[in-house]
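Some notes on the structure that comes next.
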Amino acid sequence: MFSGIDEVDWASMEHAYGPADDVPELLRGLASDDPAEREAALDGMYGAVHHQGDVYACTLACIPFLFELVVDPGVQDRGGVVELLTSIGGFDLDEDDEAEIDEDEIEGAANYAMAAAAVTAGAGVFFELIADEDPGVRLAAPLALATLHRHPVRVLALLRERLPVEPDEEVRLALVEAAGRVALRHRPLAERVGKWLGLLASRADSPGLRLAALAQLARCSPDGLPGDVVPVVSGLLREMRSAPEESGGRVEPAGPGTGAPPGGVPAREDDEPEPGSDTTAPPAPAADSEPVEPIEPVEPVQAVDPEPVASAEAGRGEHVVTPTLVGHLRSLYAQENAGRGAPWAADLLRTLHVGLDDRVGDRTALLADQLRSPDRHQRIDAVRMSGGLIRAWRGPYEELVALVGEQLADPEPRLAEAASHVLEELFGLAAPAADALAARLAADPGGWVKTWAGGPPGLGSTVKALARLGDARAVPALAAALEREQVAHDVGFAVGCLGAAARPLAGVLRRRLADVELDENAYDRASPLLAGLTALRAGEATPEVLRVLRGAPEYRGAWLRTAALRALGAFGPAAREAVPELRALVRRPGTASATEAAEALWAASGDADAVLPVLIEGLESDQVHDRRSAAVALGALGPRAAVVAPRLRGLLAHDELWLRVDAAIALWEVSGRTRETVAALLTAWEQNRHVRVRVAECLARMGPVPEGSAAAHVLRSELVSVRRHNAMDGGYGSHDIHEDEKLLALCRQALRGAGKGSTP
């Protein structure tokens with residue numbers, strides 16, 4: 001094995017962490033008899049040689065040796081190597097990607113293309129591996145074929161013919177998933193795959209297999225889903241709960257001579273092997289032939305008792321605890337799935353939900369059924385999937401949120417914790433669970449503040465969820481958090497969400513701020529207190545805030561002064577005591593601190609003559625952030641700053657979109673002219689979805705948007721969209737739902753009474 005590995009000039013290549021001269025050791029580690037060494041080697045391959053999916057020259061050089069590993073039956077854990085090869089060769093670079101490649105990315109794109117070509121060229125070995133004795137290899141091989149092989153028709157034939165004889169349930173699910181992947185990658189085959197999946201969904205003997213077929217049908221051919229998909233899936237979940245557990249996920253394979261074993265479809269007799277093909281590969285039509293319609297399966301027949309077989313999980317090799325990312329993920333997976341009868345069911349349901357896409361009603365009904373399940377694992381999954389649904393799609397979620405709230409009372413800590421984390425992100429949408437949150441809060445004072453070894457403490461998710469609802473029942477928990485030696489870093493934001501209900505906390509916020517030592521840790525200690533006082537507009541704290549402003553240390557002092565100035569600005573005339581200090585700060589025009597001080601000085605004194613020159617100079621700064629701050633501050637002056645209208649109008653053509661938006665809003669505030677402002681704002685609305693809340697705020701303040709105007713059309717289009725404006729694939733922010741709901745409220749406000757105003 002590894003003939004020629006030492007002849008490769010590994011030292012001349014690099015991977016993510018430097019010279020690639022350690023790659024031969026990693027490759028040999030993959031063939032080790034020691035499971036810990038194998039896992040460490042696999043971790044190294046993903047961590048350095050194929051770091052975050054990247055392909056380097058050394059990655060390309062590894063491909064022949066990885067193929068040697070997967071075909072050697074003496075090597076253990078070959079399934080992991082098959083998955084690694086699939087990842088290396090499975091990158092698709094479509095025409096749009098190619099058009100966007102710049103000069104710095106040419107080499108990387110070429111490596112991806114060469115990796116895809118090299119792995120695809122050797123993908124024929126996966127035909128043999130799909131019937132390998134090692135169930136871990138059989139588990140990985142179907143997706144490798146579906147992703148990498150050049151002849152999708154032949155791959156589909158193999159998947160169909162392997163399914164009836166495959167003894168392991170999890171591998172059977174992988175065969176079905178592979179069929180769905182073929183349909184997604186080769187759209188002309190989608191109809192054919194969809195028909196076969198539809199037959200499996202209605203006739204397979206295993207509820208797990210039927211659920212897998214429905215999930216893939218939703219992905220690749222959603223029109224083929226049954227009209228009653230929700231009760232069908234709910235019935236399958238009940239059937240899976242009531243079915244006796246079988247060790248290793250085994251199912252009975254077909255006996256010899258049977259025409260259609262349980263869960264499968266019969267082999268086609270009209271398929272001939274390709275000329276020169278290995279007889280171990282299944283017969284299939286030529287790659288360029290027309291797809292052949294699948295034959296409808298006959299009723300299942302009684303299978304003979306097979307010899308005992310290992311499960312796919314067992315086939316992944318001995319699991320050991322290793323200090324690697326792979327080992328950590330494996331341990332987390334084991335903990336997560338401990339006690340589950342069908343650990344793969346959650347993945348199937350997630351796939352189904354992704355396929356159902358914007359069918360919010362069906363998805364909500366399905367999740368509601370899952371949340372009523374007696375199976376806690378199903379409810380944990382449903383809670384998390386509910387969070388994913390609400391983050392991405394708009395809809396009526398009152399019943400679903402109430403059901404998530406009911407999970408807070410469950411004695412299983414993972415279930416209650418998952419529910420509180422989902423509710424934390426919902427802000428006002430969590431209202432149906434308010435009483436459940438309050439009960440959880442009262443029952444678990446130990447969870448009011450969470451501590452970690454590597455950072456400041458933070459509020460527990462139940463406290464945050466209740467505070468974000470504006471519910472006064474969160475105040476005792478915040479008061480307790482403020483009495484701790486180290487204040488939670490997010491307590492100020494929670495105070496802001498509570499608004500007037502948190503007014504009783506002003507005294508303790510002020511007292512704690514007075515006690516903050518103005519050393520290098522001052523910002524961490526003072527910023528949450530300043531944020532809380534700012535939200536409460538607690539002008540009586542002006543002396544304490546001034547102490548911080550005057551004594552801010554050099555380390556992060558600019559951040560601390562900014563927080564103090566914002567507090568003084570929020571206090572308004574109640575901060576009159578700070579006016580002399582603020583006048584001194586504005587004498588350094590053109591700096592960020594001068595702009596911030598000018599904002600606070602205007603709020604405290606209303607002296608436009610003192611602040612206007614400072615803000616005009618800030619508008620000429622070479623820093624975009626400073627120019628934006630100056631524009632916002634000028635807008636707050638209103639008509640008193642009308643002299644800057646020409647300068648603001650000139651910024652409407654600036655390259656920086658956010659500066660254009662801020663300048664447009666300020667232009668309307670100082671001049672009262674709407675036409676050019678609205679035009680600029682609507683252009684920005686279409687260019688960047690993340691400016692929409694800011695734009696809608698301005699449109700709402702302008703008054704009712706005239707019926708038939710461009711602004712009315714844009715706002716109404718937003719209101720009828722089902723997808724949240726800030727929904728992202730593969731990521732999300734903790735305030736995304738709140739921001740989107742705020743956008744919807746602003747759109748409604750701007751349209752209220754539409755038709756009564758003049759055309760802007």
SB check [X] [Y] (cutoff 4.0 Å):
| X | Y | value |
| --- | --- | --- |
| R372 | D369 | no |
| D132 | R138 | no |
| D205 | R172 | yes |

(message) Would you call the rings of F65 and F2 parallel, tilted or perpendicular, taking 30° and 60° as the class edges?
(response)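 F65 and F2: perpendicular rings.
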(message) Tell me whether the count of non-hydrogen atoms from other residues, nucleotides or ligands lying under 6.0 Å of CG in D9 goes above 12.
(response)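 Atom CG in D9 is packed in, count exceeds 12.
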Side chains of [X] and [Y] in contact at under 4.5 Å (non-hydrogen atoms):
| X | Y | result |
| --- | --- | --- |
| R391 | R724 | no |
| Y112 | D54 | yes |
| V55 | M114 | no |
| V70 | L66 | no |
| H51 | Y46 | no |
| H50 | M45 | no |
| L211 | V233 | yes |
| L352 | L356 | yes |

Can you name the nearest heavy-atom pair linking [X] to [Y], along with the distance?
| X | Y | value |
| --- | --- | --- |
| L371 | S386 | CD1-OG, 4.0 Å |
| L173 | G208 | CD2-O, 3.5 Å |
| L189 | P152 | CD1-CB, 3.6 Å |
| L148 | T86 | CD1-CA, 3.9 Å |
| I5 | W10 | O-NE1, 2.8 Å |
| D72 | M1 | OD2-CE, 2.8 Å |

(request) In sequence, state the C-alpha distance, the side-chain angles, and the governing distance for W196 and R160, and then conclude on side chain to side chain contact (heavy atoms under 4.5 Å, CB included). (result) CA-CA 9 Å; W196 182 58; R160 278 186 51 192; 3.5 Å; yes
(request) Any chance you could lay out the side chain to side chain contact (heavy atoms under 4.5 Å, CB included) test for V229 and L366, step after step, and finish with the verdict? (result) CA-CA 9 Å; V229 64; L366 179 56; over 6 Å; no
(request) Identify whether NZ of Lys or CZ of Arg in R723 sits under 6.0 Å from the centre of the six-membered ring of W393 and within 45° of that ring's axis. (result)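 Yes, R723 sits over the ring of W393.
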(request) Take V49 and Y56, measure what side chain to side chain contact (heavy atoms under 4.5 Å, CB included) needs, and give me the verdict at the end. (result) CA-CA 7 Å; V49 181; Y56 309 90; 5.7 Å; no
(request) Verify the distance criterion only: is there a donor paired with an acceptor across the side chains of S373 and R241 at less than 3.5 Å? (result)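 Checked: S373/R241 side chains pair up, N/O donor to acceptor below 3.5 Å.
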(message) Looking only at the side chains, is there a donor atom on one of T147 and R181 sitting less than 3.5 Å from an acceptor on the other?
(response)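 Judged by distance alone, the side chains do pair up.
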Just verifying a value: how many Å separate [X] [atom1] and [Y] [atom2], rounded to the nearest 0.5 Å?
| X | Y | atom1 | atom2 | value |
| --- | --- | --- | --- | --- |
| L26 | L42 | CG | CG | 10.0 Å |
| D375 | L237 | CG | CG | 9.0 Å |
| R238 | Q378 | CZ | CD | 10.0 Å |
| I130 | R162 | CD1 | CZ | 7.5 Å |
| D34 | Q76 | CG | CD | 10.0 Å |
| L349 | Q370 | CG | CD | 5.0 Å |

Checking the side chain of [X] only, and the main-chain atoms of [Y] only, is there a donor and an acceptor separated by less than 3.5 Å?
| X | Y | answer |
| --- | --- | --- |
| R384 | A418 | no |
| R210 | A204 | yes |
| D168 | V171 | yes |
| S202 | L199 | yes |
| T364 | V360 | yes |

(request) Have a look at H15 and tell me which of T59, D21, D22 forms a side chain to side chain donor-acceptor pair (under 3.5 Å) with it. (result)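 Among T59, D21, D22, the one that satisfies the side chain to side chain donor-acceptor pair (under 3.5 Å) with H15 is D22.
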(request) Before giving the answer on side chain to side chain contact (heavy atoms under 4.5 Å, CB included), spell out for L139 and D134 the whole-Å C-alpha distance, their side-chain angles and the decisive distance to 0.1 Å. (result) CA-CA 9 Å; L139 185 65; D134 183 340; over 6 Å; no
(request) Under the salt bridge (Lys or Arg N to Asp or Glu O under 4.0 Å) rule, collect the residues that match up with D362, sequence neighbours excluded. (result)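 Per chain and number, D362 pairs via salt bridge (Lys or Arg N to Asp or Glu O under 4.0 Å) with R359.
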Show every donor-acceptor pair shorter than 3.5 Å between a side-chain atom in residues 212-224 and any protein atom, with sequence neighbours excluded, or say none if there are none.
residue : atom : partner : partner atom : Å
Q216    : OE1  : R219    : NH1          : 2.9

(request) List for me each residue that meets ring pair (Phe, Tyr, Trp, His ring centres under 6.0 Å) alongside H149, sequence neighbours excluded, and say none if there are none. (result)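 By the ring pair (Phe, Tyr, Trp, His ring centres under 6.0 Å) rule, H149 matches F127, H151.
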